[in-house]
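In what follows, a single structure is set out as structure tokens and then discussed.
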Amino acid sequence: MTAGTDKPSTPRKKDNENKTREEKINEIMADGATVVKMEVDYSESCDKKIPEAQTLAAKGKLSEAFEMLFALEKQTRSGADTHSTGRVLVTIVQLCFEAKDWNQLNEKIIDLVKKRAQLKQAVAKMVTECCTFLDKTPDKPTMMKLIDTLRTVTAGKIYVENERARLTHRLAMIHEKDANVAEAKTIMQELQVETYGSMERQEKVELILEQMRLCLATKDYIRAQIISKKISTRFFEDAKYAALKLKFYGYLIELGQHEGGYLDICKNYRHVHETSTIQEDPVQKIQTIKNVILYVVLAKYDNEQSDLIHRVETDKLLEEIPKYKAVVENFTTNEIISQAAFCDSFEKELREGVEGSLATDVFSRDEAGEKRWSDLKSRIVEHNIRMMAKYYTKIRLTRMAKLLALTEAATEDCLSDMVVAGTVSAKTDRLEGIIDFTEQQDPLENLNSWSVNTNKLMDLVMKATHLINKEEMVHKHLAGGASE
């Protein structure tokens, strides 16, 4: 199940989006539990006793106020009056908060939730109210204890799953602020928000993105990739989610850079480039298309890469960055690229930038940038070998190494890798030092070809035999007529 659904919204789902939070909770409990019908209405009792209890608490008689409220809570709970029970529970926790008695607040929360046949809607209201107290706690230990209490009482309860998710996220952020990122990630992994029926899709996506961010921060790339599958990209089609879209694809780009998936990074940058906020910013738009160009060039050649680089070449924005356009043209033209000339022409602008053209961080002067620059040189060599395979049937290894500006050993290694990958078809005569680019046919294809040729030959033989017989019969007929 993904946070953004791929299926069209049904009428029921549209109705759900228009419902209040309380109505959604009631519906969830109706689906998953027995519906409790109100037997007695205690609204009048609550209207009378709750103000009296608040007055007693204001005078310092907190115990008497609690005694009155707990008796009222028992009556409303026994009568299944959900609304009144919710009012009583909220009043009890509010009195504890106003008295700044945090220990008693934690105890009362646990006691009230454990009451026999406690009403779920009432518990949900109380937990929601308690969540508002977190920002008003006097110190961090008090807040941590209150969070722990609320997470304990909400564990396994579907009707307060949203509150538990928010509390868990808050706890994770506290641990991250304390430089305990691993613990924060572990806490966030408890959440399976993609299964929450009452949570809005935007909030689901935000929490899943937080899970991705913490996984990337702890270098747990495998889990980050798994989590990314929980978000449907169709969710980002709405322009109002542009910020979340940029964050999502930013994490995917970081994940791709670790795994060296240049083609995936290029696709992700294309999605970033199509975002409305990027299109409105001329500088960001140019920088993004530069990244698209460099990563599509860095990707290894295959049908998908070839199709993508030709589509990128048609982008009108390339007219504003002629050097980057020339890079694309080098790789789409069926000609050998001189590696030395390429470096002289493009290295400074691609790696350091020039006036009027900022450099990207693709070929930065760090370890990752140096590796990508080395990979670019490898892509040039692979492009040149493909061009040789297109124009040559046979070529000497020494001549090939000279054209590639490599040693013979390095040339042979690169060619072997491309043959294994299926990019080119070649055979090497190491004794003679000759590379044969003639494409070797499959034995089954050779047999089929021979069979077809044999059939054609037999057809010709049969046709010739027929014509000979016909000619003989004509001559016999003419000879017989002449003798008469």
Side-chain angles (χ1 to χ4, degrees), residues 1-4 102 106 109-110 127 130-131 133-135 137-158 160-196 199-233 235 243-261 264-265 268 272 361 364 366-369 371-372:
M1 182 179 291
T2 56
W102 300 101
N106 291 317
I109 292 171
I110 295 171
V127 170
C130 290
C131 289
F133 302 156
L134 292 172
D135 293 323
T137 50
D139 50 38
K140 182 180 173 183
T142 303
M143 181 172 64
M144 293 290 283
K145 189 173 181 181
L146 181 56
I147 291 174
D148 184 58
T149 301
L150 292 172
R151 290 184 74 240
T152 300
V153 300
T154 55
K157 295 179 175 62
I158 193 171
V160 283
E161 58 187 6
N162 291 1
E163 284 74 13
R164 179 174 174 78
R166 293 168 191 141
L167 289 166
T168 302
H169 179 225
R170 184 161 187 158
L171 181 61
M173 295 304 99
I174 293 170
H175 282 292
E176 185 182 14
K177 192 175 180 180
D178 294 340
N180 193 354
V181 183
E183 181 64 22
K185 185 203 77 168
T186 304
I187 290 170
M188 283 297 290
Q189 295 315 310
E190 298 175 9
L191 299 178
Q192 303 294 330
V193 292
E194 68 276 7
T195 64
Y196 291 4
M199 183 178 284
E200 297 296 331
R201 286 194 298 169
Q202 181 177 350
E203 189 174 3
K204 287 184 186 180
V205 171
E206 288 171 351
L207 289 173
I208 293 172
L209 288 175
E210 279 297 294
Q211 291 177 335
M212 284 184 67
R213 182 182 65 81
L214 291 171
C215 286
L216 291 172
T218 55
K219 302 188 184 303
D220 190 352
Y221 297 103
I222 295 175
R223 193 180 293 276
Q225 187 173 25
I226 293 170
I227 292 172
S228 70
K229 304 296 183 185
K230 296 179 180 180
I231 299 178
S232 170
T233 53
F235 172 78
L244 291 176
K245 179 180 180 180
L246 293 176
K247 187 183 290 188
F248 174 68
Y249 284 110
Y251 294 154
L252 289 184
I253 288 167
E254 184 180 344
L255 184 62
Q257 287 173 339
H258 170 262
E259 297 177 347
D264 289 336
I265 296 174
N268 291 328
V272 171
D361 60 355
S364 53
D366 55 15
E367 185 180 352
K371 181 182 181 303
R372 286 192 281 267

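Note that the numbering runs from 1 along the sequence shown for the chain. Owing to the predicted nature of the structure, the values given are computational and were not obtained by experimental measurement.
Using a 4.5 Å cut-off on side-chain heavy atoms (C-beta onward), M212 and R223 make no contact. A heavy-atom distance below 4.5 Å is not found between the side chains of E194 and K204. Between E203 and R166 the shortest side-chain heavy-atom distance falls below 4.5 Å. I109 is not listed as a side-chain neighbour of T152, based on a closest heavy-atom distance of 4.5 Å or more. Residues Q192 and K230 are in side-chain contact: their nearest non-hydrogen atoms beyond the backbone lie under 4.5 Å apart. Using a 4.5 Å heavy-atom threshold, the side chains of H258 and E254 count as separate. When side chains are defined from C-beta on, L207 counts as touching M199, because their heavy atoms get closer than 4.5 Å. At a threshold of 4.5 Å between non-hydrogen side-chain atoms, the residues Y196 and I158 do not count as touching.
Of all non-hydrogen atoms in T168 and M188, the two that sit nearest each other are O-SD, 4.2 Å. The shortest non-hydrogen separation linking Y251 to L209 is CE1-O, 3.4 Å. A172 and A184 get closest at one heavy-atom pair: O-CB, 3.2 Å. Closest heavy-atom contact between G256 and I265: C-CD1, 3.4 Å. The two residues Q211 and L191 make their nearest non-hydrogen contact at NE2-O, 3.1 Å.
In summary, D178 and K140 engage in a salt bridge, as defined by a charged side-chain N under 4.0 Å from a carboxylate O. Between E210 and K185, no side-chain nitrogen of the basic residue sits less than 4.0 Å from a carboxylate oxygen of the acidic one, so the salt-bridge criterion is not met. A salt bridge does not link E163 with K157: every distance from a Lys NZ or Arg NE/NH1/NH2 to an Asp or Glu carboxylate oxygen is 4.0 Å or more. The pair K145-D139 does not meet the salt-bridge criterion, since no charged nitrogen lies less than 4.0 angstrom from a carboxylate oxygen. A salt bridge is defined here as a Lys NZ or Arg NE, NH1 or NH2 lying under 4.0 Å from an Asp or Glu carboxylate O, and R164 with E161 fails to meet this definition.
Residue N268 holds its CG atom at 10.5 Å from OG1 of T233, rounded to the nearest 0.5 Å. Between N162 atom CG and C131 atom SG the span is 10.5 Å, to the nearest 0.5 Å. Atom SG of residue C215 and atom CD1 of residue I227 lie 3.5 Å apart, to the nearest 0.5 angstrom. Remark: H175 NE2 to I187 CD1 distance equals 3.5 Å, nearest 0.5 Å. To the nearest 0.5 Å, atom CD1 of residue I208 and atom CZ of residue R201 are 12.0 Å apart. Atoms NE2 and CD, on H169 and E176 in that order, are 8.0 Å from each other to the nearest 0.5 Å.
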Test side-chain contact (heavy atoms from CB on, under 4.5 Å) on E206 and Q202; report intermediate values, then the result. CA-CA 6 Å; E206 288 171 351; Q202 181 177 350; 3.4 Å; yes
Before giving the answer on side-chain contact (heavy atoms from CB on, under 4.5 Å), spell out for F248 and S228 the whole-Å C-alpha distance, their side-chain angles and the decisive distance to 0.1 Å. CA-CA 8 Å; F248 174 68; S228 70; 4.3 Å; yes
Evaluate M143 against R170 for side-chain contact (heavy atoms from CB on, under 4.5 Å), listing each step before the verdict. CA-CA 11 Å; M143 181 172 64; R170 184 161 187 158; 3.9 Å; yes
Carefully, step by step, assess L134 and L167 under the rule side-chain contact (heavy atoms from CB on, under 4.5 Å). CA-CA 10 Å; L134 292 172; L167 289 166; 3.5 Å; yes
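Remark: the backbone N or O of F133 is not paired with any side-chain donor or acceptor of T137 at under 3.5 angstrom. A donor-acceptor pair under 3.5 Å links the side-chain atoms of N106 to the main chain of W102, judged by distance alone. No donor-acceptor pair closer than 3.5 Å links the side chain of D148 to the backbone N or O of M144.
For S364 and D361, the side-chain atoms include no donor-acceptor pair closer than 3.5 Å.
In this view, A217 and V181 satisfy the side chain to side chain contact (heavy atoms under 4.5 Å, CB included) rule, not counting sequence neighbours. Take Y249 and apply the ring pair (Phe, Tyr, Trp, His ring centres under 6.0 Å) test, not counting sequence neighbours, and it matches H271.
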